[in-house]
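Below is one structure, written out as structure tokens; the observations come after it.
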Number of protein chains: 2
Amino acid sequence: MATTSQGPAFEDLTARARIRDAALGHFAEYGFARATIRGIAQSAGVSLGLVRHHFGSKEALRQACDEYVMEATRQYNQQSLAGGPPDEAAFAAASRSAMHPLFRYVARALIDGSVTAANMFDEMVGMTEQWLVRRDQDRGEPPLADARSRAALITAMAVGIPLLHEHLSRALATDIFGPEGDRRVALGLLDIYSHSLISAEYAAASQAAFDKPHP
Amino acid sequence: MATTSQGPAFEDLTARARIRDAALGHFAEYGFARATIRGIAQSAGVSLGLVRHHFGSKEALRQACDEYVMEATRQYNQQSLAGGPPDEAAFAAASRSAMHPLFRYVARALIDGSVTAANMFDEMVGMTEQWLVRRDQDRGEPPLADARSRAALITAMAVGIPLLHEHLSRALATDIFGPEGDRRVALGLLDIYSHSLISAEYAAASQAAFDKPHP
DNA sequence: GACCGTCCTATACGTGTGTATTGTCAGCTG
DNA sequence: CAGCTGACAATACACACGTATAGGACGGTC
């Protein structure tokens, strides 16, 4: 479970950092419930007691991981979105950032009931909503649903990809976190997002039929 | 955690069925690891030993739930997709079926490593792939990615919705399993699937740039 | 009535896991 | 050197949970 992106990148990190990295990997892979402090300690090459010495409890260790990921995300966003308003490139980049190893942790944390991850989810919904309202200005007819609903759905769907990476990799016969799988996911998302899957006529008709639910 | 759609619908079900329904609810809500046999027994109103008497072990209980859901899905598909080839209505219906309470169990089972759920995932990918190849015949330029990649991505994204129902409901300030939330999800999906989010030009340009990864 | 199988409960056992305690060693400071 | 502090290990404790066992209540069959 490699270390987190750049950084020292060596195993001569401080023990606390090694424990945190190991915890990030275990929580992302096994989930909070199935991950064990002993397993994390073993991956970090330290004793069980040291984990407790540095973080106090399993829940506190989770919070430390949450805050670390949140801080890393903040820095990434500041240096990435600093140049100009959200455009298509920003949207595509945001979708693809779902592949970032740290994001895999956040996706799993959402399932495991992390409040920090929930806040990050809400933030992503807000950003997507802003993007949508700008894009809606170029549309003719009004959307079938408000921007917030669509933003929440798009966000949830994006998170679904790293969440189901195991099954996605199996269906593609390639690890989606590897270079080839990453390429196919990127191109697949580009195609899906750039081409409508159903016709606008059918959607409009479906909307009309939806307000009369019981024929 | 209501009983499964139609059926007897009352609490005068056989104890075995009540245990299974309770297990479906607990597994879907807490996941396999955090769900406890004692909690399931309590929800079903039976003793701990009876669960073991009927199902043998926790893993066997999970398999029984898997097979039950698989059989229910098979019947649903037979009576639903019997009439004609896949069309837009079938696609929309399949997307919306992600809201079905039983599907919530499958979504969670995918995260928890159920082999039965994995098979259902692969089946969904296959059906989506068939749908896509038919639809690709009406497209001008070739897609940016093969149908299987796109099918797997669409499937994973659809599963993401029930998986993140908690956060989705919070973002929408409405329970997405309730009538109002269900409506907003349906309309939101219709709009997303019927309108491209990014321009085809940008997507094509992005594809071209993707083959030269390091500028 | 006697026997038997099924549904069901109560209780006990073993183990994995989070948590707590204690102890050791290195480094620093007076 | 004495004394203290923090990093770290080893061990023990408490508890929840899956599993196993023993037994009772009820209905059917001979």
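Quick note on labels: first sequence line is chain A, next is B, and so on, each numbered from 1.
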Val46(A) or Leu48(B), whichever maps to the more 5' nucleotide of DNA chain D: Val46(A)

Among dT9(C), dT19(D), dA12(D), the nucleotide that comes nearest once only the side chain of Ser57(B) is considered: dT19(D)

Arg38(B) side-chain proximity, nearest of dT9(C), dA12(C), dT17(C): dA12(C)

Basic-acidic side-chain contact under 4.0 Å: Asp146(B), Arg150(B): no

Any N/O donor-acceptor pair, Arg52(A) side-chain to dG18(C) base, under 3.5 Å: no

Separation of atom CZ in Arg18(B) from atom C1' in dC7(C), rounded to whole Å: 12 Å

For atom CZ of Arg62(A) and atom C1' of dG18(C), their distance in whole Å: 14 Å

Val159(A) versus Ala107(A), closest heavy-atom pair with distance: CG1-CB, 3.7 Å

Candidates dT19(D), dT19(C), dC8(D) - which lies nearest the side chain of Lys58(A): dT19(C)

Sugar-phosphate only, base, or nothing, as touched by Ala33(A) at under 4.0 Å among non-hydrogen atoms: nothing

Heavy-atom closest pair, residues Lys58(A) and Phe32(A): NZ-O, 2.8 Å

Rounded distance in Å - OH (Tyr30(B)) to P (dA16(D)): 16 Å

Over all atoms of both residues, closest heavy-atom pair of Leu110(B) and His167(A): O-NE2, 2.9 Å

Whole-Å distance separating the NE2 atom of His54(A) from the C1' atom of dT19(C): 17 Å

d(CD1, Ile37(A); P, dC13(D)) in whole Å: 19 Å

Side chain of Ala15(A) (C-beta onward), nearest among dT17(C), dC8(D), dT9(C): dC8(D)

Arg34(B) CZ - dA16(D) C1' separation (whole Å): 14 Å

Shortest non-hydrogen contact from Gln207(A) toward Leu190(B): N-CD1, 4.2 Å

Touch class at under 4.0 angstrom, heavy-atom based, for Arg16(B) against every strand present: nothing

Whole angstrom value for the distance that separates C1' of dT17(C) from CD of Glu59(A): 16 Å

His53(A) NE2 to dA10(D) C1', straight-line distance once rounded to whole Å: 15 Å

